[in-house]
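First up is the structure itself, then whatever we jot down about it.
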Amino acid sequence: VPDMSAAAACDIDRMDLEAEEAACSDSDDDVMGCGLFDTDGDEGMSDDARCVDTMSSQAAAVLSMARKEKSKQDKHERKKKGLGGAVADVSADATRDEAMPALDVLALLNLRRTVHGSVPATADVLGALAGQAWAAQAKAPGAKPLNTVANGLAGAAARPTGLSDEVWTTLLALAFLKKHLGSERATWQGLEAKALEWLSTCWDTAAVGKSIGSVVLAAMKVV
């Protein structure tokens, strides 16, 4: 089977053989049933023709099932590798000691953001947002591990007093996108619009002392 893996093809061969053995066993009755000693050749389709037809149907059914399973496996792999249709499986890499590519960070933000547009302060999100800043100093003497840098984002000097973790993380996300994907704004414009809409509902400029935009610009220095 051209579009099947070797293992899947072997499974089909095995299942075909079992189907054939079930249809035509070595017993005398089954041999007669398969038409090897056909005595009713003048009554429409012979028994051996019926047996061959049954075996063909069984083989076709087995092949169809195998192809469906292969299609499901291929779809799953495409989901893991692609950014379109389904978000890439990037969350597992977010807390490792390596910087996540900016486009993968965008995929993770799309996965984690709420329906209201906010970005929660989860460990994988903070690790992803800290990745580029960490990579810039990773080879320097006394460099901190990625998780330490990520945890440091919560208490960054750029964070105004009184902001909730979710508000601050949402601002960090916007800062990251502006800094590292500024030339590809079309890919995250919708995320930005939703985030700003949500931020505007809980932002008190008088209490914070700064506008949303000014805080985002300040946050760009830590991501």
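- A donor-acceptor distance shorter than 3.5 angstrom exists from the side chain of H180 to the backbone of V223, with no hydrogens or angles considered.
- Annotation for F176 and A128: closest pair CE1-O, 4.1 Å, computed over non-hydrogen atoms.
- Taking every heavy atom of both residues into account, A218 and A158 meet most closely at O-CB, 3.7 Å.
- The CG atom of L177 lies 5.5 Å from the CG atom of L109; values are rounded to the nearest 0.5 Å.
- To the nearest 0.5 Å, atoms CG (L103) and CD (E184) are separated by 5.0 Å.
- Rounded to the nearest 0.5 angstrom, E192 CD and L181 CG are separated by 12.0 Å.
- Results of the side chain to side chain contact (heavy atoms under 4.5 Å, CB included) test with V125 over L153, L172, T169, T170 single out T169 as the only residue that passes.
- Proximity of a side-chain donor or acceptor of W134 to a complementary backbone N or O of A150 within less than 3.5 Å is not detected.
- Hydrophobic clustering, with ILVMFWY side chains joined whenever heavy atoms are under 4.5 angstrom apart, groups L191 together with V215.
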Practice task
Might you work through the side-chain contact (heavy atoms from CB on, under 4.5 Å) test for V119 and W198, ending with a clear yes or no?
Solution key: CA-CA 10 Å; V119 179; W198 176 76; over 6 Å; no

Problem - Chi angles and distances behind the side-chain contact (heavy atoms from CB on, under 4.5 Å) call for S118, V167 - result: CA-CA 7 Å; S118 62; V167 168; over 6 Å; no

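- More than 12 heavy atoms of other residues, nucleotides or ligands lie within 6.0 Å of NZ in K179, so this atom counts as buried by the packing criterion.
- Grouping the Ile, Leu, Val, Met, Phe, Trp and Tyr side chains by contacts below 4.5 angstrom, directly or via other members, places V222 with V105.
- Proximity of a side-chain donor or acceptor of R159 to a complementary backbone N or O of A154 within less than 3.5 Å is detected.
- Contact record, V149 with A130: CG1-CB, 4.0 Å, taken as the closest heavy-atom pair.
- Interatomic distance, L199 CG to H116 NE2, rounded to the nearest 0.5 Å: 13.0 Å.
- Minimum interatomic distance between E197 and S200 (heavy atoms only, all atoms of both residues): O-OG, 2.6 Å.
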Practice task
Given side-chain contact (heavy atoms from CB on, under 4.5 Å), test L171 with W168 step by step and report yes or no.
Solution key: CA-CA 5 Å; L171 292 165; W168 176 233; 4.2 Å; yes

Practice task
Dump the intermediate steps for side-chain contact (heavy atoms from CB on, under 4.5 Å) on R112 and D124, then the final yes or no.
Solution key: CA-CA 9 Å; R112 292 287 183 259; D124 56 351; 2.6 Å; yes

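- For the pair D104 (side chain) and M100 (backbone), a donor-acceptor distance under 3.5 Å is absent.
- Of all heavy-atom pairs between P120 and R113, the closest is CD-CA, 4.2 Å.
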